[in-house]
Every structure is written in C-alpha cells, then in structure tokens.
Number of protein chains: 2
Amino acid sequence: MKTPKIRRDQVIQAALDLLDQEGLDGLTLRKLALALDIQAPSLYWHFSGKQELIDAVADALVMNVVLPQSPDQPWDSRLRQIAAELRQALLQHRDGARVFAGTYVVSDNVLRVSEAMLEAFALAGVDVSCASTYSFSVLYYILGFVMEEQALGPHSAFDVTSRKTAFEELAKRSYPRNWAAQESIFSTDFDARFSTGLELIIAGVKQQASETARKAAPLLNAGKGVAGAARRRPERRG
Amino acid sequence: MKTPKIRRDQVIQAALDLLDQEGLDGLTLRKLALALDIQAPSLYWHFSGKQELIDAVADALVMNVVLPQSPDQPWDSRLRQIAAELRQALLQHRDGARVFAGTYVVSDNVLRVSEAMLEAFALAGVDVSCASTYSFSVLYYILGFVMEEQALGPHSAFDVTSRKTAFEELAKRSYPRNWAAQESIFSTDFDARFSTGLELIIAGVKQQASETARKAAPLLNAGKGVAGAARRRPERRG
DNA sequence: ACCTGAACACCGTTCAAGT
DNA sequence: ACCTGAACACCGTTCAAGT
C-alpha cells in the first residue's frame, strides 16, 4: 500500500491513551489495535512483540525529562530537579512507574536522564564508580515511591481502607513502632514524603563525598583536628 | 470429604517450587493445580483469586527475615543486617523481588521487618515521621536493586549482551559520563554495589540525625562556633 | 467442607494470504 | 511494504454439580 494506515509513533500515542483509560493490565494488543482501527496481528509489523511496545511506551514516558540541560545550579539542586521531573513524568500517565520499572530500556531518553544524574554526582565530587551506583539508588527510590503513590492513587487496584484496618489490628497488637508511625505511613502528602526521602539520599552523598575527599587528601588534614572528627565514633564494618 | 487433598500452606509451597522452575510469568493457576494434582478451579476454595495467592507467596518469601530480634548492635549494624537478610530472602526464589514488589501485603512477616527497621532508625535518633519514610526508602532500594540483580541473572528475560552493545553505541557517541561509568554500570559484583548504595543511605541518616539533634538543642550550640558550620554554604530550598 | 467439569471471555503470537 | 483472517495455545474466573 502506498499510504500506511499507521505509523510507529501513532501506535505509541494510542498506547499511552489506552494506558490512561485502562491501566497497564488493560493495555492489550487487541484493544490497542481496535483503537487504531486495525487488526491485532498488524501491530507485529511495527513491533516485534508486546514487550517492545511497552519498552517504547516507557521510553516515551521520560521523553521530556531533563530536556533543557541544567544551567550552573549546584549539584544538589540539579538532583532535586531531575528527581522531581522524573516523578512528575511517571505520574503523568496511569501506572507510569509500573510500566517503567518493568523495562530496562536503553534509549536516548533514558541515557540523557542517567547522564544528568552522573553529572550532578560528578559535581558533588563522587567518583564514577560510586556515581553509577548512586544513580541507580535514586532511580530505584523514585520508581518505588511513585509505584506506591500510584498504587494508592485514584485507580488503586486494591481496597486501601481494608488494608488500613488490617494494618491497625496487627500493629496495635504486636508492632508498637508501626503503630506509632501509622499516621506517617498512611500520609497522603506525597510531595513532602518524596522530598524527605530524597533529602536522605542527598545528605548521604554530601557525607560520603566529604569523607572521600578527606581520605584522598590526608596530608592536608592530618593532625589538624578536622572538624567533626573528634565526636565521630570509630567505624566498624563487616 | 473427610480428608482434604491439600492445605493452604501446601499450595504456597508448590507455588514457590513452580516459581523457581518457571518464573513469575510461568506461575499459573493451571500449572499450579497440575503440580498439586487437582483442578484449577479448586484453588478458589483456598484463595479468593490469583492475587491473594501471590500475596501469600510474597509473605512467605520474607518468612525467615529478622527472626531473632537483633541484639544490642548499633543501629547502622542492624540496618545492614536487615537489608542483607531481606536481599538474600528475595534472591532465594526466582523473580522474588518482582513478586514482592507487586504486592502491598500487610502481614506479620512484613510488619516484623518494618518494625525492625523503625527500631533501628529510632536508635539512630530520627523521629517517627522520618523513620517511616526512611524505611520505605530502604525497601525501595532493596527491591529495585534485587529486581535488577535478578533481571540480569541466570534467568534473564532479555538478551543482556545486545542491550550492552546498544548502550555502548549510544553512550560512546553522546553520553560521555555514561560511557565512562560503563564498567561500574555493568558490574556483576552485586555484593559490592549493594553495599555501596546501602552505605549511601546510612550516611544520609547519620547526617540528617545529627542535624536534627543540633536543631532540637539550639541553645547548646548557639554562638559556640559549631564544627563545620563555617564552611557550610547557606541552604537554599524550593 | 472440599473438589470437579464444563464453559466463558479473554490473552499474545504465528502465518499464510491479501493488496 | 503494510495489513488481514483464521487459528493455536494458552490464560483467570465463574458456577452448577458432585461427594
């Protein structure tokens, strides 16, 4: 045929629409084909299978993240912005985090986000090896957080109320600290919670970076009574 | 009938076996029934549906985690142990992390782990509100990490090699920091990587806790020239 | 109380065939 | 080059019926 009925990007857009309407479990090749006014097997011309389609959708989710490369902000400010953008991008579509978490896409969009994170960590003074691990940590945090945020959201797959009562019964009886933390655990102020967890990571980077720097230049500080060294307990590992 | 053919825990055990053999995608009610020598609909007598079955499997995964309550170890040592136990438990069965991440079970086994984490953070001096957020952060990290560890493991669902070459092409051309970090990104020394990320969180807790303590007792430190305060840049938020 | 048989309403995927 | 029609081999779930 001279004029193809659909193009690849049209399929992806339709998939995003369908995702918003039906959720990930409702994102079906048959329904997708129906929305595009074609037959299900036709999709195999554009994608090798459902997984490749999902991968493309996941890639599309982070299409607009970190587009204008951060200016000369400090590294922690950069990281906060990247994290916020990534979270917002995942929140933009129903089950966004679940979609992204299930894929390990290697694409421009994904690597651009990764690159921005690595850059931020480099500015913080952490070496490449740690930086990559830290990037994954941040990514895991965001994905886990938004997955829960969306699981408890308007399209929740399970009965939140019944789960809460189950928690109350168990916690009240046997788990005092869970009981005491109940309010924070079921807090729906996701912005605040997201920030708290992210600041934890940022604080960790700050300390790890300063420790690394101290070890890298021992002659500068040796015997000078470095600030904070006195009240630091001896480390015990393993 | 007087003698039931199967009990609930036998179903769960069979499900774990099937999970190891076939993975999460192969964990099917029909196959499970076949392994138990019953018909698929019979499972609905013991479970309300597949999700409840998966929830029970997820619960079983962490059955033996944090059983002997930690002795008088310092909080960071406790956290390291909990994290290591949790990771090992998830690694014990194929797709363990994926199974657990998909569920939000409220059970004794899950709350016991949560309780141990909250306890560790309390010992570190963080308040309950932060402690719950931190617990989730740690959990997200572990789940994300092990999911990737298992995704790249012996039963990998995708072709790792082809993904690596795709990464190389992209990174070499346009993403220098990813290119430089390639070795660490594809490192299979998961023990070391897991530790690095966990220490990041622990370092964060240490700093956040010390900052909170400082703010909680400002009269003690006011005007005394607190160590490190001089070279700390003014904070800028939001 | 516990299990079966048959059926329903779906899936993803393959493949020869159309245009 | 792009799409269809028909079919295959599965799914989770329901439900009346058996014992």
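Lettering of chains follows the sequences in order, A, B, ..., and the numbering in each one begins at 1. These numbers were taken from a predicted model, which means no experiment stands behind them.
Atom CG of A:Leu36 and atom P of D:dC2 are 15 Å apart (whole Å). Atom CZ of A:Arg30 is separated from atom P of D:dA7 by 13 Å (rounded to the nearest Å). Nucleotide C:dC11 holds its C1' atom 14 Å from the CG atom of A:Leu24, rounded to whole Å. Whole-Å rounding puts the A:Trp45 CH2 to C:dT13 C1' distance at 17 Å. Between B:Ile38 atom CD1 and D:dT19 atom C1' there is a gap of 16 Å when expressed in whole angstrom units. Distance CD (A:Gln39) to C1' (C:dT13): 15 Å, rounded to an integer number of Å. In this structure, A:Leu43 places its CG atom 17 Å from P of C:dC15, rounding to the nearest Å. D:dT14 atom P lies 16 Å from atom CZ of B:Phe47, rounded to whole Å.
Side-chain proximity of A:Pro41 to D:dT4, C:dC3, C:dG12: nearest is D:dT4. Side-chain proximity of A:Leu29 to D:dT4, D:dT13, C:dG12: nearest is C:dG12. For B:Ile6, the listed nucleotide lying nearest its side chain is C:dC3; candidates were D:dC2, C:dC3, D:dT13. Among D:dC2, C:dC11, D:dG12, the nucleotide with an atom closest to any side-chain atom of B:Tyr44 is D:dG12. Side-chain proximity of B:Pro4 to the nucleotides C:dC2, C:dT4, C:dT13 is greatest for C:dC2. When distances are taken from the side chain of B:Lys50 to each of D:dG12, D:dC15, C:dT13, the shortest belongs to D:dG12.
Nucleotides C:dA9 and D:dA9 have their P atoms positioned 22 Å apart, rounded to a whole Å.
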* Check step by step if side-chain contact (heavy atoms from CB on, under 4.5 Å) holds for B:Arg7 and B:His46. => CA-CA 8 Å; B:Arg7 289 189 322 266; B:His46 302 273; 6.0 Å; no
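Inspection of the B:Asp9 and B:Gln13 side chains reveals no N or O donor paired with an N or O acceptor under 3.5 Å.
Taking only side-chain nitrogens and oxygens, A:His46 never comes nearer than 4.0 Å to OP1 or OP2 of D:dA1. A sub-4.0 Å separation between OP1 or OP2 of C:dG12 and a side-chain N or O of A:Thr28 is present.
Pair assignment for C:dA6 gives D:dT14, based on Watson-Crick or G-U wobble hydrogen-bonding distances that are each under 3.5 Å. For C:dT19, the paired base is D:dA1 (Watson-Crick or G-U wobble, both distances below 3.5 Å).
Residue B:Ser42 is in base contact, counting any heavy-atom pair closer than 4.0 Å across all strands shown.
Using a cutoff of 4.0 Å between basic side-chain nitrogens and carboxylate oxygens, B:Arg87 and B:Glu149 are scored as salt-bridged.
Ring geometry for A:Phe158 versus B:Tyr104: interplanar angle of 30 to 60°, hence tilted.
Aromatic ring centroids of B:Tyr141 and A:Phe136 lie 6.0 Å or more apart.
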